[in-house]
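So the structure is just underneath, and the comments pick up after that.
Just follow the structure's listing: the first ligand is 1, and inside any ligand the first atom is 1.
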Amino acid sequence: MRRNAHQLSPLAATLSGQVSVDLSAISDNVKALKKRAKAPFFMAVVKGNAYGHGLVEVARTAIEAGAHWLGTAQLSEAIELRKAGITEPILSWLYLASQTSDTIREALENSIDVSLGSVHQLEVLAGIAKDLGRPAVVHLELDSGLSRGGARKEDWAALVARARQAELEGTLRVRGVWTHLAWADVPAHPGNAAAVAGFEDAVSAAREAGLTPELRHVSSSANILERPEFHFDMVRAGLAIYGLAPADHLDPADFGLRPALSVTAPLVMVKKVPAGTGVSYEHQAITYEPRYLGLIPLGYADGIPKGISGRSVVNIAGRRVPVIGKVCMDQFMVDLGPDATGIDVGNTAVLFGDPAEGAASADDWGAAIGSHGDEIINRIAPRLPRAYRSSAYQCPDYQEPAAAGQGNVA
Ligand SMILES: *Cc1c(COP(=O)(O)O)cnc(C)c1O
């Protein structure tokens, strides 16, 4: 039951919203992106619980689809992948460097590559590596303008010199050099070319210092789609493997990518109200004619943004209907119009999913609240049950109750 541990029984599923993740979409997206990528190596970025899709499930799917590397920000997620039995290379790029860090120790013991962006981090890693009796394998990070992690250009020479010394001492091995672009989501921006030129200088400086990094990596989703000259030895794909738009002007469908995650809920009530009826707190919406209202059992506690009120984003029985009135903590209302023929209690409301199936996309929701699809997906509450499905992929240790011949689903 490992992979389906969060799957609801059919009874419970009628009482709550549901997150469904189509792992075949992730698999197909990885394959499509690998075809586009000019780099020999492909990293699937699974930070943030795989953008809310489920860390281990996505990681396994991406590897099966041909990803060579996995990337996380947090070390804890990288360690979780190892505990799940994943043996492929993992890079993790966000941690607090402290000699007493059990997490860093555990990461190094588990052969997790870590990013290195300062001499301070280097000394900590080298110290722990010395205790462990094996070198820390690192990817040196250049801060090429994002001003987030990584060493600035003026600090680079000292970092590579000390890294080479640590290699000779046996406490470090520099496998990669990398950067993340400030204009990552605007591929045509001239800031990218300038940052990449700075990156190439940094790689040269590393080589002159005696380092032999075999993996240079720069590009995330938008540049994977549009700037092959920035691919180097590896690309790091996040948004695009989830079928989300990596930039405002890029439609995932144009690249053969489709969303993997959908959120649905049953319609729990349908009622007719007269003209002039105020809906939800403070009556911010008032019906101007007799209307049918539908009640959806999801609210801002589940990650439904309040700003979605008034937007036509919910699909019920093939109709796109707007959210009406303020979103409440556990529920909100939809305006089913003057005629609700064909719509009934128990119908499935699709909040977002695959546009090819008539649903609004997470990107549509993001645009409606002045944000992006990734924010919508990341705020979906963990309390919502997740179900994984795949046409191509069978969970080895899960049997459908019917197939097992025991109808005791309740
Ligand atoms: C999040 C992230 C990525 C992936 O970016 P997408 O735009 O989601 O593809 C790649 N590299 C780093 C360092 C990141 O933090």
Do NZ/NE/NH1/NH2 and the carboxylate oxygens of Lys153 and Asp143 come within less than 4.0 Å? no
So, are Arg162 and Glu167 salt-bridged, with charged N and O less than 4.0 Å apart? no
Enumerate the protein residues lying less than 4.0 Å from ligand 1, judged by heavy-atom distances, in chain and residue-number order. Val45, Lys47, Tyr51, Trp93, Arg148, Trp178, His180, Ser220, Ser221, Arg236, Ala237, Gly238, Leu239
So Val30 and Phe42, side-chain contact (heavy atoms from CB on, under 4.5 Å) or not? Walk me through it. CA-CA 9 Å; Val30 166; Phe42 186 95; 4.0 Å; yes
Sorted by first residue and then second, give each ring-ring contact (aromatic ring centres under 6.0 Å, His included) pair with at least one member in residues 90-129; sequence neighbours left out. Trp93-Trp178
Taking the six-membered ring of Tyr300, is the NZ or CZ of Lys306 close enough (under 6.0 Å from the centre) and on axis enough (within 45°)? yes
Arg152 atom CZ, neighbour heavy-atom count above 12 within 6.0 Å: no
